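Note that this is a predicted model, so its numbers are computed, not measured. In the text below, chain A, chain B and the rest are named by the order of the sequence lines, each starting its count at 1.
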There are 2 protein chains.
Amino acid sequence: MTSPGDVLDLISRGAAETRADLVRHTGMARSTIGQRVDALIEYGLVEETTPGGSTGGRPPRLLRLNTRDNCVIGVDLGATHCRVALMDIGGTLLATREDPLRIDMGPLPVLRHIDTRMHELLAETGRPLATVKAIGIGVPGPVEFATGRPANPPIMPGWHDHPIPEFFTDRYDVEVLVDNDVNVLALGERRYAHPDARHLLFVKVGTGIGCGIIADGRLHRGAQGSAGDIGHIRVPDAGDAQCRCGNTGCLEAVAGGAALAERLTAAGIPAEDGRAVVDLVNQGDPTALRMVRDGGRLIGDVLAGLVNFFNPEAIVVGGVMAHVHEPLLAGMREVIYQRSLPLATHRLTVVPSRSGELGGALGAGRLAIDRVLSPGHIDRALAHRPGATPSPRPPTAAR
Amino acid sequence: MTSPGDVLDLISRGAAETRADLVRHTGMARSTIGQRVDALIEYGLVEETTPGGSTGGRPPRLLRLNTRDNCVIGVDLGATHCRVALMDIGGTLLATREDPLRIDMGPLPVLRHIDTRMHELLAETGRPLATVKAIGIGVPGPVEFATGRPANPPIMPGWHDHPIPEFFTDRYDVEVLVDNDVNVLALGERRYAHPDARHLLFVKVGTGIGCGIIADGRLHRGAQGSAGDIGHIRVPDAGDAQCRCGNTGCLEAVAGGAALAERLTAAGIPAEDGRAVVDLVNQGDPTALRMVRDGGRLIGDVLAGLVNFFNPEAIVVGGVMAHVHEPLLAGMREVIYQRSLPLATHRLTVVPSRSGELGGALGAGRLAIDRVLSPGHIDRALAHRPGATPSPRPPTAAR
DNA sequence: GAACTTATGTCGAAGATCGACGGAAGTAAC
DNA sequence: GTTACTTCCGTCGATCTTCGACATAAGTTC
């Protein structure tokens, strides 16, 4: 009923620190728990620390994830930057490095860059390569998650159908997970800031606008993996603004960072991109401020509909434009709470992302950690480990 | 690794008809499969039929669900009608009955009516009461699914927080599941018409407009159980039509059956409600036809956004207005395929519901069947059945 | 330091699962 | 019609898993 993986899950979530805790949570026999814990320790994912404080009896032997011998790499690939983070499987950031890097150089130079950085970070922190159990990568475009291949990504020329995982699995004994950057952000935000949220939307407002969807605690990728593409939803008050997608009135065309910069420039205040708009707001420019707030209202209009449809308990806003989250979220909240149904907004929270610049890399690392710690993964690893069942069936094979 | 419930699942889905099939599908030992099947037969959910045709060797003993001794009740409650259906656990409709019934009479008269009809249907088909294993009920309002209590339903006065399941569980040994009518329709449609669809939207266009969401094969109910309420999403071209919810520009206020009837009446063609509009279209009235098509476009506008967001593989349209699905779906498709992203519409199908008038009751019955056949349910039932573990622990209890 | 509390390891018994064996029940060929 | 072959299924002992009871460890409280 309860597998070794579930035991690990309780330990990793901090729900159980001792064998006795595990017994209480799982209802399994002490002996069974002891055996499972031994297996996990032998396998190297769990370790014992110093005895804990007594509560009137023998002090328990505290258990925790073996963060010394198990780490992951999280990679955040953007159009023009690459951040690589080394994390242990407890989710602690050990070292990170960001470089400008044009993703349109194509797969091989970019992947080699990641490989180099990974080795540097390992060397810095004195961790052997073999401690890297998985690599998570967030990319700015649609990906077929199961195979880790980008699917006609508009801003990643040369990457279509490139088998990203193979680059690493051919060289090292690791698992590699590739996903859309917004999905990765949603995953990270949920883990680090909203661990109890079962239904969450992560809205990234950068040059474009995208959305990561967590439904019932798991990422919703949709039938073709294109779910969350809210940037091209038509907005009621958008007028006929032309969008790069060919349609008019898209959310992205009126409320994305690039659109705001254009409009600001047209209004006589030169702004190159979303970041420039952010800077202007921070400098107190009233026109930029109003524009960001209006953009928030437009995004809020779309989100109000999605709140009715999806009924999330939290909306988290990230991306470059969230650096000025006061006006942005004010505009969004204003429309959402007015337009959505009371039942749906009753316990809804609309908050800025807490993960900052590191969000993408941390989320990608979390994707990798989740894989390493997933019950199914552990059960398989433990079942196939040498010595488990010393192959008592040569007779079958012989005949 | 594979539980008795999984064995039942394979049988109920038609994926395995013989013990040998089960061995091939599960990879388990013949002896284990035999033991599990015996347990399921003894428990009464599975039975053996006549030997099947030989394929060159001993003919297999065919297995199937024991539909004779296991049935469920599906109930479709509307504002002014009540349909009760008796189905076996294979999903076959055995008998059904519809009556006009005002749901605003309050819980007790309505539930007593259902109880009476249930007994009549059982008598008609000669099935004992004890063969009813579960009851599924779809109601026209929001429900807290876990407890089966309506949550401030607007058109069900007196039902708020009423514990519907208790009415039946106090009298009989059954499980009772209560859900929103649109959710129930979505569930039924998926099972009967789109068994392979993992992500599906069921759009009900009646007096109002609602949507049942199937995400990754399971119903998405959202944080407060209000997911799918798309009737009050703002539509770009809706103008300032006043909606009963207090806002303006809601989809329901411009494209629902009631709204179409009003507008048709205002145009000089009297129509009392959505059904009257349908009748007019069927009589060839060009104004009504145009209005339905325009309504389809408006709904399509909202759905185009949801397709981008959710990326379903199928949209199924039901409800009264779907009786004239040619113009309705034409309008919807026109906008969806124009506005949504190519990747998301590539394999998207937009089709009318196939379940007709019986859809609600069949879906509610399916909800009940799914519970009866759910792996977890079976595993528990088999573990607790008398004789499984003949209580080998009097010593513990004695001390 | 005796009594009590809490935590953990050990061990035999019961249960679950497996592979091997053999019998059952057809078809195909002579 | 009898022999060979194929497929299906039940039985049985061996093995692995899980459990509960017992024993032990290591603290606190008085």
Side-chain angles (χ1 to χ4, degrees), chain A residues 1-7 11 16-42 46 48-63 379 382-385 387-399, chain B residues 1-7 11 16-42 46 48-63 379 382-385 387-399:
Chain A
M1 177 167 275
T2 315
S3 71
D6 296 324
V7 169
I11 297 173
E17 290 198 299
T18 71
R19 290 169 175 79
D21 283 348
L22 289 168
V23 169
R24 281 187 286 269
H25 278 80
T26 64
M28 296 162 69
R30 269 188 294 282
S31 40
T32 308
I33 291 292
Q35 189 176 306
R36 298 240 158 122
V37 170
D38 287 348
L40 288 170
I41 290 177
E42 194 197 349
V46 171
E48 282 185 352
T49 65
T50 54
S54 164
T55 56
R58 169 177 175 173
R61 292 159 67 179
L62 295 181
L63 302 171
D379 292 351
L382 257 46
H384 297 165
R385 79 182 190 279
T389 306
S391 51
R393 52 208 68 130
T396 314
R399 291 181 187 180
Chain B
M1 177 165 275
T2 315
S3 72
D6 296 326
V7 169
I11 296 173
E17 290 198 299
T18 71
R19 290 169 175 78
D21 283 349
L22 289 167
V23 169
R24 280 187 286 268
H25 277 81
T26 64
M28 296 162 68
R30 268 188 296 282
S31 40
T32 308
I33 291 292
Q35 190 174 306
R36 300 242 157 120
V37 170
D38 287 348
L40 288 170
I41 290 176
E42 194 196 347
V46 171
E48 283 185 353
T49 65
T50 54
S54 164
T55 57
R58 170 176 173 174
R61 292 156 65 181
L62 294 181
L63 302 171
D379 292 351
L382 257 46
H384 297 163
R385 79 182 190 278
T389 308
S391 53
R393 52 209 68 130
T396 317
R399 292 182 187 180

> From CD1 of B:Ile33 over to P of C:dG19, roughly how many Å is that when rounded to an integer?
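Distance check: B:Ile33 CD1 to C:dG19 P gives 12 Å.
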> Just to verify, what does B:Arg24 make a side-chain hydrogen bond (donor to acceptor under 3.5 Å, both in side chains) with, not counting sequence neighbours?
B:Asp21
> Between C1' on D:dC9 and CG on B:Leu22, what's the gap in Å once rounded to a whole number?
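Nearest whole value for this atom pair: 13 Å.
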> Going by side-chain contact (heavy atoms from CB on, under 4.5 Å), A:Ile33 matches just one of A:Thr18, A:Thr26, A:Asp38. Which one?
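With A:Ile33 as partner, A:Thr18, A:Thr26, A:Asp38 yield a single side-chain contact (heavy atoms from CB on, under 4.5 Å), made by A:Thr26.
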> Would you tabulate the pairs of protein nitrogen or oxygen atoms and nucleotide nitrogen or oxygen atoms of nucleotides 8-12 of chain C closer than 3.5 angstrom?
residue : atom : partner : partner atom : Å
C:dT8   : OP1  : A:Arg61 : N            : 2.8
C:dT8   : OP1  : A:Arg61 : O            : 3.4
C:dT8   : OP2  : A:Arg19 : N            : 3.4
C:dT8   : OP2  : A:Ala20 : N            : 2.9
C:dT8   : O3'  : A:Arg61 : NH1          : 3.4
C:dG9   : OP1  : A:Arg61 : NH1          : 3.3
C:dG9   : OP2  : A:Arg19 : NE           : 3.3

> Under the salt bridge (charged side-chain N to carboxylate O under 4.0 Å, His left out) test, which residues partner A:Arg58, sequence neighbours left out?
none
> How many whole angstroms separate atom CE of B:Met28 from atom P of C:dA16?
12 Å
> Please enumerate all residues that pass side-chain contact (heavy atoms from CB on, under 4.5 Å) together with A:Val46, with sequence neighbours excluded.
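Per chain and number, A:Val46 pairs via side-chain contact (heavy atoms from CB on, under 4.5 Å) with A:Leu8, A:Ile11, A:Leu40, A:Ile41, A:Leu63.
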> Rounding to 10°, can you tell me the angle the first-five-pair axis of the helix from C:dG1-D:dC30 to C:dC30-D:dG1 makes with its last-five-pair axis?
10°
> To the nearest Å, give me how far apart CD (B:Glu17) and C1' (D:dT7) are.
16 Å
> Say you draw a straight line from CG of A:Asp6 to CG of A:Asp379; how long is it, rounded to the nearest 0.5 Å?
7.0 Å
> Once you round it to whole Å, what is the distance between C1' of C:dT5 and CZ of A:Arg24?
12 Å
> Please identify each residue that fulfils side-chain hydrogen bond (donor to acceptor under 3.5 Å, both in side chains) with B:Glu48, with sequence neighbours left out.
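For B:Glu48, the residues satisfying side-chain hydrogen bond (donor to acceptor under 3.5 Å, both in side chains) (neighbours in sequence not counted) are B:Arg19, B:Arg61.
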> Rounded to whole angstroms, how far apart are CD on B:Gln35 and C1' on D:dT11?
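Distance check: B:Gln35 CD to D:dT11 C1' gives 12 Å.
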